Amino acid sequence: MSYEAVIGVEGHARLLSQSRLFWSGGTMFGRSAISQSWPLCLGLPGSLPVINRTAVEMAVRAGLALNCTIATSNLFARKNYFYPDLPKGYQISQYEAPICEHGWIEITASEGKKRVRIRRAHLEEDAGKNVHVTGTNGSRVDLNRAGTPLLEIVTEPDLRSADEAVAYLKGLRDVLMYLEVCDGNMDEGSFRCEPNLSLRPLGQKEFGTKVELKNINSFKFVKDAIEYEVKRQTKVLNEGGKIRQETRLWNIDRGETAVMRSKEEAHDYRYFPDPDLVPLKLDKEWIKGFRSSLPELPAARASRFVS
Ligand code: ADP
Ligand code: MG
């Protein structure tokens, strides 16, 4: 049986703001573990979030460059889960009212130009990082990153191959770097991506069950992990098996994916509007001002150079 791959990508871009998303303290990569942890990001009682204007501006500019509609009314929600790198016990994110929706990016696919639809892009704070030190029997928690501003950018399942996924991610990264809203560094995790992938028999309309891929920090690994996963899922289906909806980690040394956890559902997170934050209203004229001041974007520059 021949199958077609169906891929949608979730990307995270660390916004190049000096401050946290909801706190005025700074955000340098690689500082010592406690030097940049702020009361709010440590979950200390009594600390209250205040939205970072620069991060909002960067999200608006990115949304405009990605052909999105910008929401004039924004809500922030608490996404609740327990993990050692998340002292508050919830991440402040956007759920029902993301700042950007319904955009697209054009890529060059094997059959020519193709639009990849962007479902939404929303603001959220990053978590800290668990550090597993080899040769010791413990792990450490580094909270320096907790609370740094991210833009999560989610596509529709419009991609059909590893090459298309890489073309999309390169295009997205270029746009964000041209706008100077993200440094694009994949090693340091400033630009991260999680492809979702399913297979369907050629000609079938309905999508199959998807698997989410994590631990991918280069374009080469995007390609390798997707190609591996296409082979794995093809084998499972051809042997009469079923794909389980799960999150799988790319193992660089073994060149294969392995189950991390079965996939959680949105309702598991008990999203609700953060009562510490008022709805964020954006002025239409303010948004318009950013549209007229966007720099020349990669696609426009490429066609200008060609002509
Ligand atoms: P979840 O709630 O599991 O994160 P979403 O609906 O938010 O799922 O989609 C996450 C990503 O997975 C999106 O980029 C979307 O385009 C993609 N996606 C959704 N369904 C499928 C599918 N059946 N196959 C491949 N990708 C999919
Ligand atoms: Mg999702």
Side-chain angles (χ1 to χ4, degrees), residues 2-13 62-63 66-68 77-81 83 91 93-105 107 109 114-124 127 150-173 191-216 222-223 225-234 236-237 241-250 257 259-272:
S2 292
Y3 298 97
E4 176 181 55
V6 172
I7 303 163
V9 179
E10 295 167 85
H12 285 93
L66 298 171
N67 308 294
C68 292
R78 290 187 180 181
K79 178 179 183 178
N80 300 279
Y81 64 94
Y83 208 59
Q91 175 194 32
S93 181
Q94 295 191 289
Y95 184 55
E96 279 166 52
I99 189 159
C100 315
E101 276 188 296
H102 312 306
W104 51 268
I105 234 181
I107 63 166
K114 165 173 176 168
R115 270 191 190 184
V116 180
R117 290 170 299 159
I118 290 166
R119 181 183 290 173
R120 58 184 280 153
H122 67 254
L123 281 164
E124 64 183 26
L150 299 178
L151 188 67
E152 174 171 335
I153 303 143
V154 184
T155 74
E156 295 294 340
D158 286 349
L159 301 156
R160 295 291 173 268
S161 68
D163 287 335
E164 286 191 11
V166 171
Y168 161 76
L169 284 163
K170 284 187 171 167
L172 173 64
R173 181 167 167 268
F191 183 78
R192 316 200 279 265
C193 59
E194 283 145 28
N196 291 259
L197 186 147
S198 64
L199 296 184
R200 62 180 171 187
L202 270 182
Q204 179 181 302
K205 264 217 154 103
E206 298 80 54
F207 295 146
T209 303
K210 75 174 156 70
V211 158
E212 182 185 358
L213 303 176
K214 280 191 190 281
N215 195 34
I216 296 174
V222 172
K223 188 168 159 74
I226 290 176
E227 285 176 350
Y228 172 86
E229 195 53 28
V230 168
K231 282 198 199 118
R232 186 191 69 86
Q233 292 188 20
T234 302
V236 171
L237 293 173
K242 275 207 171 114
I243 303 299
R244 274 187 304 266
Q245 180 159 326
E246 60 197 8
T247 300
R248 299 179 69 91
L249 284 186
W250 173 243
T257 65
V259 188
M260 177 192 181
R261 56 169 187 244
S262 71
K263 178 70 187 169
E264 65 292 336
E265 305 281 346
H267 62 247
D268 295 329
Y269 290 118
R270 294 145 46 234
Y271 281 99
F272 64 89

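Numbers here are sequence positions counted from 1. Atoms within a ligand are numbered from 1 in the order they appear, just like the ligands themselves. Note that the coordinates shown come from a computational prediction; the quantities given were computed from them, not determined experimentally.
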Peer 1: Is it the side chain, the backbone, both or neither of Arg119 that has a heavy atom closer than 4.0 Å to ligand 1?
Peer 2: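 Side chain only.
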
Peer 1: Judging by distance only, is a nitrogen or oxygen of Val154 under 3.5 angstrom from one on ligand 1?
Peer 2: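 No, there is no polar N/O contact under 3.5 Å.
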
Peer 1: For atom 17 (C) of ligand 1, state which one of Ala5, Gly8, Gly11 supplies the nearest heavy atom.
Peer 2: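 Selected option, by shortest heavy-atom distance: Gly8.
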
Peer 1: Could you check whether any side-chain heavy atom of Tyr3 comes within less than 4.5 Å of a side-chain heavy atom of Leu202, counting everything from C-beta outward?
Peer 2: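 Side-chain contact under 4.5 Å: no.
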
Peer 1: I'd like to check which ligand 1 atoms, numbered from 1 as shown, lie under 4.0 Å from a non-hydrogen atom of Gly208.
Peer 2: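 Result: 23 (N).
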
Peer 1: Is ligand 1 under 4.0 Å from a heavy atom in the side chain of Val9, in the backbone, in both, or in neither?
Peer 2: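 Backbone only.
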
Peer 1: Report the C-alpha distance between Arg120 and Glu101 in whole Å, list the side-chain angles of each, state the deciding distance to 0.1 Å, and finish with yes or no for salt bridge (Lys or Arg N to Asp or Glu O under 4.0 Å).
Peer 2: CA-CA 4 Å; Arg120 58 184 280 153; Glu101 276 188 296; 5.9 Å; no

Peer 1: Ignoring hydrogens and geometry, is there a side-chain-to-backbone donor-acceptor pair from Lys170 to Ala165 under 3.5 Å?
Peer 2: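 It does not hold such a pair.
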
Peer 1: Check each atom of ligand 1 against the heavy atoms of Glu156 and keep those under 4.0 Å away; list them by number with element.
Peer 2: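 Going through ligand 1 atom by atom, the ones under 4.0 Å from Glu156 are 16 (O).
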
Peer 1: Is the closest side-chain donor-acceptor distance between Glu124 and His122 under 3.5 Å?
Peer 2: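 Side-chain D/A pair, Glu124 to His122: present.
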
Peer 1: Please identify which atoms of ligand 1 are closer than 4.0 Å to at least one heavy atom of Thr155.
Peer 2: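 Heavy-atom distances to Thr155 below 4.0 Å select 13 (C), 14 (O), 15 (C), 16 (O).
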
Peer 1: Is the NZ or CZ atom of Lys79 positioned over Tyr269's six-membered ring, under 6.0 angstrom from the centre and within 45° of the axis?
Peer 2: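 Yes, Lys79 lies over the aromatic ring of Tyr269.
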
Peer 1: As an exercise, state the distance from CD of Glu246 to CZ of Arg248, rounded to the nearest 0.5 Å.
Peer 2: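 That separation rounds to 5.0 Å.
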
Peer 1: For the residue pair Glu229 / Thr257, report whether a side-chain donor-acceptor contact shorter than 3.5 Å exists.
Peer 2: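 Looking only at side-chain atoms, Glu229 and Thr257 do form a donor-acceptor pair, the distance falling under 3.5 Å.
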
Peer 1: So if I count the atoms of ligand 1 from 1 in the order they appear, which ones are less than 4.0 Å from some heavy atom of Phe207?
Peer 2: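 Near Phe207, meaning under 4.0 Å from one of its heavy atoms, ligand 1 has 23 (N).
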
Peer 1: Tell me the nearest of Ile153, Asn196, Ile7, Val116 to atom 11 (C) of ligand 1, using heavy-atom distances.
Peer 2: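 Comparing heavy atoms across Ile153, Asn196, Ile7, Val116, the nearest one to atom 11 (C) of ligand 1 lies in Asn196.
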
Peer 1: By number and element, which atoms of ligand 1 are closer than 4.0 Å to a non-hydrogen atom of Pro157?
Peer 2: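 The atoms of ligand 1 under 4.0 Å from a heavy atom of Pro157 are 16 (O), 26 (N), 27 (C).
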
Peer 1: Using a 3.5 Å cut-off on N or O atoms only, is Ser198 in polar contact with ligand 1?
Peer 2: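 Between Ser198 and ligand 1 (N or O atoms, distance only) the closest approach is under 3.5 Å.
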
Peer 1: Within the side chain of Gln91, is there an N or O that forms a donor-acceptor pair under 3.5 Å with the backbone of Arg78?
Peer 2: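 Pair absent, no side-chain N/O of Gln91 close to backbone of Arg78.
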
